[in-house]
Amino acid sequence: MSKARYIAAKEAWARKQVARGVTARSEAAAERLPPGQKLTTGFPVLDLGIKPEIPLEEWTLALLGEVAQPLTLDWAALNALPQVEDVSDFHCVTTWSKFDCQWGGVAFTELYERVQPTAAAKFVYFTGYDGYTTNVPLAQCLDEDVLIATRFEGKPVSREHGGPARVIMPKLYAWKGAKFVKEIHFLAEDKLGFWEVRGYSNQADPFKEERYA
Ligand SMILES: Nc1nc2c(c(=O)[nH]1)N[C@H]1C(S)=C(S)[C@@H](COP(=O)(O)O)O[C@H]1N2
Ligand SMILES: [Mo]
């Protein structure tokens, strides 16, 4: 092989590597961003026009329904439970997504173990202090990234983002995560929440674009 041809071949090979790398990166980004979503670097606020103010000394989280051990946690009791940190992506049905949200709080599974749901428990219905409700199959609540979050980026979750405590359900559209969480009901039968009765999908998988029922 002449030197010129050798250099040309090397250059072509290098270009191919670059192209392959770029392709791999854009494919990875495309896979991470669900269809129809746009990446945002801000953090929009979505609520029902109510941002309830709950003094920490009055705040409680009740776990009830199909459980052997109903439990009501006050703020100190929630914070005394083992704490976890998790970084996850956030997908709102109104087409914005936010990558790498850093949440801290108590894993849903931690509460699950304490209340001991009965064999009949198959669904979970969450209520918020603003009257909001949403529902998720119990099996999906047991993913390790499902949290009762009290911290965002190391600081308390702000009131506008659902503090003192909000549910984070990263694998589903964000309406499945109740802000200002107040009660967690374990149910034998599914019960549609606020947006679910108004035509939103009951599955809500962003990667399947399950926006509306
Ligand atoms: N209690 C409560 N939780 C809620 C809502 C709400 O109105 N009330 N809105 C939901 C919707 S539609 C979205 S997209 C996210 C928005 O969370 P953010 O305001 O922190 O972005 O909260 C979800 N949880
Ligand atoms: Mo939303």
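Quick caveat: nothing in here was measured; it's all calculated off a predicted structure. Just so you know, ligand 1 is whichever comes first in the structure, and atom 1 is the first atom listed for that ligand.
Looking only at protein heavy atoms, the nearest one to atom 22 (O) of ligand 1 is K179 CD, 3.3 Å. Scanning the protein heavy atoms around atom 17 (O) of ligand 1, the nearest turns out to be R166 NH2, 3.1 Å. The protein heavy atom nearest to atom 21 (O) of ligand 1 is P44 O, 2.7 Å. Looking from atom 14 (S) of ligand 1 to the surrounding protein, the closest heavy atom is C92 SG, 3.3 Å. When hydrogens are left out, the protein atom nearest atom 24 (N) of ligand 1 is G177 O, 2.7 Å; that is the closest non-hydrogen contact. For atom 8 (N) of ligand 1, the closest heavy atom belonging to the protein is D130 OD2, 2.7 Å. The single protein non-hydrogen atom nearest to atom 7 (O) of ligand 1 is D47 CA, 3.1 Å, given as residue, atom name and distance. The single protein non-hydrogen atom nearest to atom 9 (N) of ligand 1 is L46 O, 3.6 Å, given as residue, atom name and distance.
Judged by the shortest distance from any of its heavy atoms, F90 lies inside the 4.0 Å radius around the atoms of ligand 1.
Neither the backbone nor the side chain of Y173 has any atom closer than 4.0 Å to an atom of ligand 1 (non-hydrogen atoms only). For F126, no heavy-atom contact with ligand 1 is shorter than 4.0 Å.
Ligand-side atoms of ligand 1 in range of F43: 20 (O), 21 (O), range being under 4.0 angstrom from any heavy atom. Remark: ligand 1 atoms within the under-4.0 Å shell around heavy atoms of A178 are 3 (N). Atoms of ligand 1 lying under 4.0 Å from at least one heavy atom of W96, given by number and element, are 21 (O). Contact atoms of ligand 1 toward L48: 7 (O) (distance under 4.0 Å to a heavy atom of the residue).
In this structure, K182 is positioned above the aromatic face of Y129, its NZ or CZ under 6.0 Å from the six-membered ring centre and within 45° of the axis. Geometric assessment of R198 against the ring of F194 yields a positive cation-pi assignment under the 6.0 Å and 45° thresholds. Because its NZ or CZ atom is not both nearer than 6.0 Å to the ring centre of F180 and within 45° of the ring axis, R166 does not count as a cation-pi partner of that residue.
Expressed to the nearest 0.5 Å, how far CG of L78 lies from CG of L111 amounts to 7.0 Å. The distance from the NE2 atom of H91 to the CH2 atom of W96 is 10.5 Å, given to the nearest 0.5 Å. Atom CG of L187 and atom CG of L138 lie 10.0 Å apart (nearest 0.5 Å). Distance check, rounded to the nearest 0.5 Å: CD of E189 to CG of N135 gives 12.5 Å.
For atom 5 (C) of ligand 1, the choice among Y200, Y132, F152, W175 with the nearest heavy atom turns out to be Y132.
The distance criterion of under 3.5 Å between nitrogen or oxygen atoms is met by H161 with respect to ligand 1.
Checking side-chain atoms of K179 against main-chain N and O of L46 turns up a donor-acceptor pair under 3.5 Å. The backbone N or O of D205 lies less than 3.5 Å from a partner atom in the side chain of E210, making a donor-acceptor pair.
Using modelled atom types and a 3.5 Å distance limit, the side chains of R151 and Q83 yield a donor-acceptor pair.
A salt bridge is defined here as a Lys NZ or Arg NE, NH1 or NH2 lying under 4.0 Å from an Asp or Glu carboxylate O, and K171 with D143 meets this definition.
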